[in-house]
Amino acid sequence: MAVAYNQRTHRCGELRKAHVGQTVTLAGWVNTSRDHGGMTFVDLRDHTGITQLRFTPDKSTAHAAARTLHNEDVIAVTGQVVSRGEWTNPKIATGEIEVEVTEIDVLSRCDPLPFQINDELDVGEDLLLKYRFLHLRRPEMQGIFRLRNTVAKAIREYFHEHGFVEIETPFLTKSTPEGARDYLVPSRVRPGTFYALPQSPQLFKQLFMIAGFDRYAQIVRCFRDEDLRLDRQPEFTQLDMEMAFVQREDVMNVVEGCVKRIFKDAMGLDIPLPLPRMTEHEAMERFGIDRPDTRFGLELRDVTELVRGLDFNVFRDAIDAGGVVKCIVAGGEKLTRKVTDGLTEELRGMGGAGLPLTKVAQGAAGIEFQTGIAKFFQPIAAKLCQAVGAKPGDTVFFMPGKYADVCKYLHHIRTRVAGILGIIPENQWNLLWIIDFPLLTWDEEEKRWASTHHPFTAPLDEDLHMLETDPGKVRDKAYDLVLNGTEMAGGSIRIHRKDVQSQVFRILGISDEEAKEKFEFLLDALRFGAPPHGGIAFGLDRWVMKLANANSLRDVIAFPKTQRAVCPLTNAPSTVSKAQLDELFLTIKPLPK
RNA sequence: GGGGCCGUAGCUCAAUUGGUUAGAGUACCGGCUUGUCACGCCGGUGGUUGCGGGUUCGAAUCCCGUCGGCCUCGCCA
């Protein structure tokens with residue numbers, strides 16, 4: 001029986017008691033069916049919800065067809081909306097009515113499914129990705145991607161309303177030194193040469209400013225060929241934005257307005273402005289990381305001076321080598337020996353030596369340390385507890401070593417302990433700006449300076465004079481936006497003077513020849529009247545992940561890659577034919593054994 | 001490249017810790033069923049325990065290797 005599926009009168013989540021008596025046409029997927037031999041029920045689902053269909057033997061054709069249905073068959077039906085009376089189902093929005101079907105059209109049959117759509121069982125993620133189109137049918141996934149649309153729309157509207165122009169930038173572009181590994185695309189027309197997919201449209205948006213567009217914003221894909229993580233995919237989406245004739249404050253103000261808009265449109269929340277700010281130095285001191293989660297305490301305490309001179313080799317060696325000793329104080333009975341041993345193991349896995357710790361107790365003669373490395377501390381127990389605010393029952397985790405290592409390990413411990421203690425508040429959105437980063441970071445392995453952000457970040461004017469003499473001391477005009485411990489956006493005021501840009505390249509070890517080869521277009525542009533400018537990029541995927549409370553970036557990308565950068569749905573990447581390689585003058589080396 | 005967790009019917013899991021023919025729910029097939037809504041009831045199909053090797057009288061279980069998935073360090077301007 002043909003039903004005009006192109007003339008649906010309603011969606012499956014729409015019908016209410018007020019519609020009783022109307023004749024309606026619905027189409028969708030069979031969520032479940034319940035065959036009673038006589039009366040048969042089918043729950044019909046589309047992205048708006050579920051409507052119960054009732055089939056009775058007096059409509060014998062439709063009834064017979066209904067009894068053959070399976071989950072996820074696609075059907076269209078026409079029938080009358082009737083009240084369910086005493087059989088109302090309060091669990092669903094349409095539960096007061098059902099549709100008494102007179103005609104059914106089975107549009108498409110569904111083979112047995114690799115996993116069920118209509119339950120909430122956690123299926124293996126590799127299978128979900130292989131059949132991503134089925135996973136996306138699930139209501140929670142529909143919700144995530146509609147939220148993603150809301151966020152993207154809010155951002156786009158906001159920037160358009162504020163005079164920003166959206167212009168596309170090339171995907172086939174030039175490989176640049178510094179930064180992440182590039183995805184390369186071989187050129188057929190010029191064999192032996194390669195395009196790179198952009199890590200971000202950074203240079204193009206600067207050229208837009210030099211071109212006089214004044215305000216540019218684009219939602220754009222970016223590509224980085226680095227190892228994947230929970231929150232890192234090889235291709236991801238940014239809101240990329242740039243403004244001319246601005247200082248740091250101007251960009252941050254515009255961004256704050258956008259953040260407010262995102263929370264309003266996507267979550268219905270009013271975020272108070274301005275957002276708090278913290279220097280990178282303070283963040284590292286207090287939290288050991290430049291993207292601190294400020295929803296809980298457990299801050300790092302520096303005890304280097306207090307423990308100096310203690311007869312404890314582990315600390316003394318660290319201090320003698322120019323390092324520091326810091327600690328975290330945490331309370332609660334959940335920090336059992338088993339738990340702390342587990343944390344020690346985790347640090348070893350990260351390359352750490354161990355996790356010296358002790359418990360604070362109330363002894364006969366006052367406060368004392370009781371376990372672990374207690375004996376070394378006894379001389380300064382009371383003083384130390386007072387300095388770091390430790391009370392009986394607390395555990396004190398110490399970390400001696402190089403400053404950067406101490407920060408890394410204690411940040412890990414802080415986050416893990418907070419999770420174990422269950423003290424991280426949910427439904428709290430701690431946004432803050434991190435500013436005044438060091439312009440350059442010393443790369444110990446390569447023995448050279450590297451940009452903390454990127455080579456186009458402008459130094460603070462008052463630090464410019466140290467660029468040659470003491471590059472490590474120079475702070476920059478960058479700003480990172482952090483939400484609950486995740487970097488959500490990062491940007492800076494850019495260098496708009498050719499001499500400063502050349503100077504920075506030189507300090508980074510990029511020779512004049514290399515700079516000319518890789519960045520001639522930028523240096524050229526800076527010669528021809530570049531306005532002061534700056535901007536920022538938001539990680540759209542991360543925003544959606546946070547706002548949707550998703551477990552992984554994969555959950556908010558329609559067709560994501562696995563950890564080995566494979567798409568289980570398409571099986572990309574894959575080999576190509578010899579003819580394709582020949583056309584590009586490429587040969588594949590044999591794989592090493 | 002390093003560290004860790006995992007891999008058993010299509011799917012989610014179990015298997016008394018090395019012991020008989022590897023079970024259950026669900027899905028699928030057949031039958032019954034007129035108020036269900038995770039409908040119910042009866043019956044049935046379905047397994048190279050990821051793969052390869054080893055130890056053992058005997059391996060899903062122990063060992064080695066390998067493949068795949070996830071988390072993580074390095075890496076990610």
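These numbers come from the heavy atoms of this one structure, side chains and all, not from hydrogens, waters or symmetry mates. To find a chain, count down the sequence lines: A is the first, B the second, and so on, and within it residues start at 1.
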Check every strand shown and say whether [X] touches a base, only sugar-phosphate, or nothing at a heavy-atom separation below 4.0 Å.
| X | result |
| --- | --- |
| A/T40 | nothing |
| A/T56 | nothing |
| A/E98 | base |
| A/R181 | nothing |
| A/G124 | sugar-phosphate |
| A/Q52 | base |
| A/I92 | nothing |
| A/R416 | nothing |
| A/D225 | nothing |
| A/A450 | nothing |
| A/P57 | base |
| A/P114 | sugar-phosphate |

request  = Look through every strand shown and name the nucleotide pairing with B/rU34 as Watson-Crick or G-U wobble, where both distances are under 3.5 Å.
outcome  =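 None - no nucleotide pairs with B/rU34, as no candidate has both distances under 3.5 Å.
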ask   = Using purine N1 to pyrimidine N3 plus N6-O4 or O6-N4 for Watson-Crick, or N1-O2 and O6-N3 for G-U wobble, both under 3.5 Å, which nucleotide pairs with B/rA24?
value =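 Base partner found: B/rU12.
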Rounded to whole Å, how long is the line connecting atom [atom1] of [X] with atom [atom2] of [N]?
| X | N | atom1 | atom2 | value |
| --- | --- | --- | --- | --- |
| A/N31 | B/rA38 | CG | P | 10 Å |
| A/H36 | B/rC37 | NE2 | C1' | 8 Å |
| A/L228 | B/rC73 | CG | C1' | 15 Å |

For the [atom1] atoms, the ones on [N] and on [M], what distance do you get once it is rounded to whole angstrom?
| N | M | atom1 | result |
| --- | --- | --- | --- |
| B/rG18 | B/rA60 | P | 13 Å |
| B/rA59 | B/rU21 | P | 11 Å |
| B/rG4 | B/rU49 | P | 27 Å |

query = B/rC75, B/rU34, B/rU36: which one has an atom nearest the side-chain heavy atoms of A/F41?
reply =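 Nucleotide nearest to A/F41's side chain: B/rU36.
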Grab the N/O contacts between the protein and nucleotides 26-29 of chain B below 3.5 Å, and write none if there aren't any.
from: B/rC29; atom 1: OP1; to: A/H70; atom 2: NE2; distance (Å): 3.1
from: B/rC29; atom 1: OP2; to: A/H70; atom 2: NE2; distance (Å): 3.0

ask   = Does OP1 or OP2 of B/rC39 have a side-chain N or O of A/R34 closer than 4.0 Å?
value =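 So the side-chain polar atoms of A/R34 do come within 4.0 Å of the phosphate oxygens OP1 or OP2 of B/rC39, strictly under.
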message = Any side-chain N or O of A/T562 below 4.0 angstrom from OP1/OP2 of B/rG69?
response =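 Result: yes.
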Interface polar pairs with nucleotides 1-9 of chain B, N/O, under 3.5 angstrom:
from: B/rG2; atom 1: N2; to: A/G349; atom 2: O; distance (Å): 3.0

